[in-house]
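Everything below concerns the one structure shown next.
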Amino acid sequence: MNDVAALGFGMHPWGKFPEKRLNDICRVAVESALADAGIAWKEIEAVCAASSRFSGGKGWGLNGNDVVEDMGSTGVPVYNMSAGCAAGSNAFNVGYTMIKSGVHDVVLVVGGEKMPKGFIQTSGLEDATDPEYLRQRCVGLPGPGFWAMLTRARMEEYGTTEADLAAVAVKAHQVGTHNENARFRQIFSLEDVLNSNMVSHPLRLYEICPVSDGAAAVVLCSAEFARKKTTQPIWAASTAVATARFDDGLPRGLACVPGEGRPHHSEARISVAKALETAGIGPKELDFVELQDNTVYYELAFPEEWGLCEPGESERLLHAGETLPTGKMPINPSGGFLCFGEATTAQGLFQICEVGWQLRGECGPRQVPNARIGMAQSIGLGGNGAAAILKR
Amino acid sequence: MSEQGTIDAAEGLFSQTPEGPRLLGSRCATCQTPYFPRSEACHNPECENSDMRDDTFGPEGRLISIALQNYPPPPPTIAADPYATYGVGLVDLPEGLRVIGRLLAEDPEQVPVGGLVALVIAPLGQDAEGREVLSWQWKPV
Ligand SMILES: [Zn+2]
């Protein structure tokens, strides 16, 4: 098996770009990843793309084909991966596997999305067999309400307060303000967050991530190829994808079996555990993590669920500054989804770019000091989960 | 009651039985796993023979969490007009099922997590044709 290097990282900043086509922002990300890797487009042997739900891809999620046409139709194989908001990470996993197995030497992984306005909507189909449709029709629980339900359960169990929740958002912007690729870079006080509109009690507007447009790309290659280009490559130590278990107690439609323990995203827990196992490290050996913070709740719950810290400990670590880049358990030094907004299928790749830049020490005021090993994690509709661990 | 009558939010999910309101689902005869709504196949990875039979659930459970819906959701959600914040409860039934549903409560902010709730079939609001749209809801007892 070949070692896999992450040779180049590229991003188009996250924001709202009504005047740009999806192809344009993807090309910016791809061209900067190629330049960062020091290679030409013609050296790419295959493309693994996140399959878009909302934009581009000829209406069929064929986003990788759009990218290849714009960059030059070299005849390379294209894999369009569909996994909801975990699609970028799934594409990374497939690209990694191709290099690892020796099928290809140089692979481009890319994800881009232009989002419709407002919170992420349902499929729009009035399909009585679609659990998402039934949930909105018969109950009325959009995404923020789902997160609110998880958050309230935590408040009941651990005594988490509304001020604790707001402090997570304050910390995200304290860090994200230094990230030129982030969309929401203003600094918030605790009062600013607590004064923002209640969206779904106990969650407020500044505690959940809105939608954005964005694109990111990564060049993966074999160790042999990497050594021709650099003396200090970033290595992809492992990647893992998973789907949700039957008994995790999380009702993704109208109901579920309660299972053991508290409701949790088993697809996240399983993919993270597998990525750690493959990398041969324990959770506490990670120098930092980029995790999917659609809402502040996840920044409190996920580290506990994965063994980065003890159950119920997250609030104390947050207030002690341990989740800042300079702390003992840095979370989302990029600013996370709260500062980027969600460009769904591209999210997993902005996270991986951040992990790579952190490992190179290129992150300036948001740098995790002496970062040697970091993880990116995302989840998506359908119970998809993915994690990737990079090291230097 | 609306002059235009009533309509179920979706067909085949709930019923007013002689014993009272019930959710209509299924249960695997092999591993006893309950499902709501009805499922065509058993999702339990340990189950060796998916054998789905119709079953009913309710009428009582315990609230394990609550979310409030502070803004009016877009269609297809039905809500009162003018809009009033409603609660959604996550409820564990003794039959081994965890089910979401709207809370039927005057002041959803005052409903305690951990309390008992009863299944009721009640209007969510009116649809564009002026019909009362009925669904299962959880009423604190
Ligand atoms: Zn079964």
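Reckoned from all heavy atoms, side chains included, excluding hydrogens, waters and symmetry mates. We name chains A, B, ... by the order of the sequence lines, and we start the count at 1 in each one.
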Q: Please round to the nearest 0.5 Å and tell me the distance separating atom CG of B:Leu90 and atom SG of A:Cys256.
A: 7.0 Å

Q.
Just verifying a value: how many Å separate A:Arg245 CZ and B:Asn44 CG, rounded to the nearest 0.5 Å?
A.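 Those atoms lie 8.5 Å apart.
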
Main chain of [Y], side chain of [X]: is a donor-acceptor contact present, judged purely on distance under 3.5 Å?
X: B:Asn70; Y: A:His201; answer: yes
X: B:Arg98; Y: A:Gly249; answer: yes
X: B:Thr77; Y: A:Arg137; answer: no
X: B:Ser65; Y: A:Leu150; answer: no

Q: Would you mind checking which part of B:Leu124 comes under 4.5 Å of any heavy atom in chain A, side chain (CB onward), backbone (N, CA, C, O), both or neither?
A: side chain

Q | Engaged part of B:Val91 at the chain A interface, taking heavy atoms whose separation is under 4.5 Å | A | neither

Q. Got a sec: does the OH of A:Tyr206 have more than 12 other heavy atoms crowding it under 6.0 Å?
A. no

(Q) Does atom NZ (A:Lys16) have a neighbourhood of more than 12 heavy atoms from anything else shown, all under 6.0 Å? (A)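 Atom NZ in A:Lys16 is crowded, with more than 12 foreign heavy atoms closer than 6.0 Å.
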
Q) Tell me, side chain or backbone of A:Leu254 under 4.5 Å from chain B's heavy atoms, or both, or neither? A) both

Q.
Please classify the contact between A:Pro258 and chain B as side chain, backbone, both or neither, with a heavy-atom cut-off of under 4.5 Å.
A.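 Its backbone and side chain both get close to chain B.
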
Do any side-chain atoms of residues 8-16 of chain B form donor-acceptor pairs under 3.5 angstrom with protein atoms, and if so which ones, sequence neighbours left out?
none

Q: Compare every heavy atom of B:Ala67 with every heavy atom of A:Ala148, then report the nearest pair and how far apart it is.
A: CB-CB, 3.7 Å

Q: Of all the heavy-atom pairs spanning B:Ser135 and A:Cys138, show the shortest one and how long it is.
A: OG-O, 2.8 Å

Heavy-atom check, side chain of [X] versus side chain of [Y], under 4.5 Å:
X: B:Ile100; Y: A:Met149; answer: yes
X: B:Pro74; Y: A:Gln136; answer: no
X: B:Tyr71; Y: A:Asn197; answer: no

Q: Return the option, out of A:Pro202, A:Pro131, A:Gly259, A:Ala153, with the maximum number of heavy-atom pairs under 4.5 Å with chain B.
A: A:Ala153

Q: Enumerate by number any residue of residues 81-88 of chain B whose heavy atoms lie under 4.5 Å from heavy atoms of chain A; in the absence of such residues, state 'none'.
A: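 The residues closer than 4.5 Å to chain A, in numerical order, are B:Tyr86, B:Val88.
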
Q | Chi angles and distances behind the side-chain contact (heavy atoms from CB on, under 4.5 Å) call for B:Trp136, A:Val139 | A | CA-CA 8 Å; B:Trp136 76 93; A:Val139 181; 3.7 Å; yes

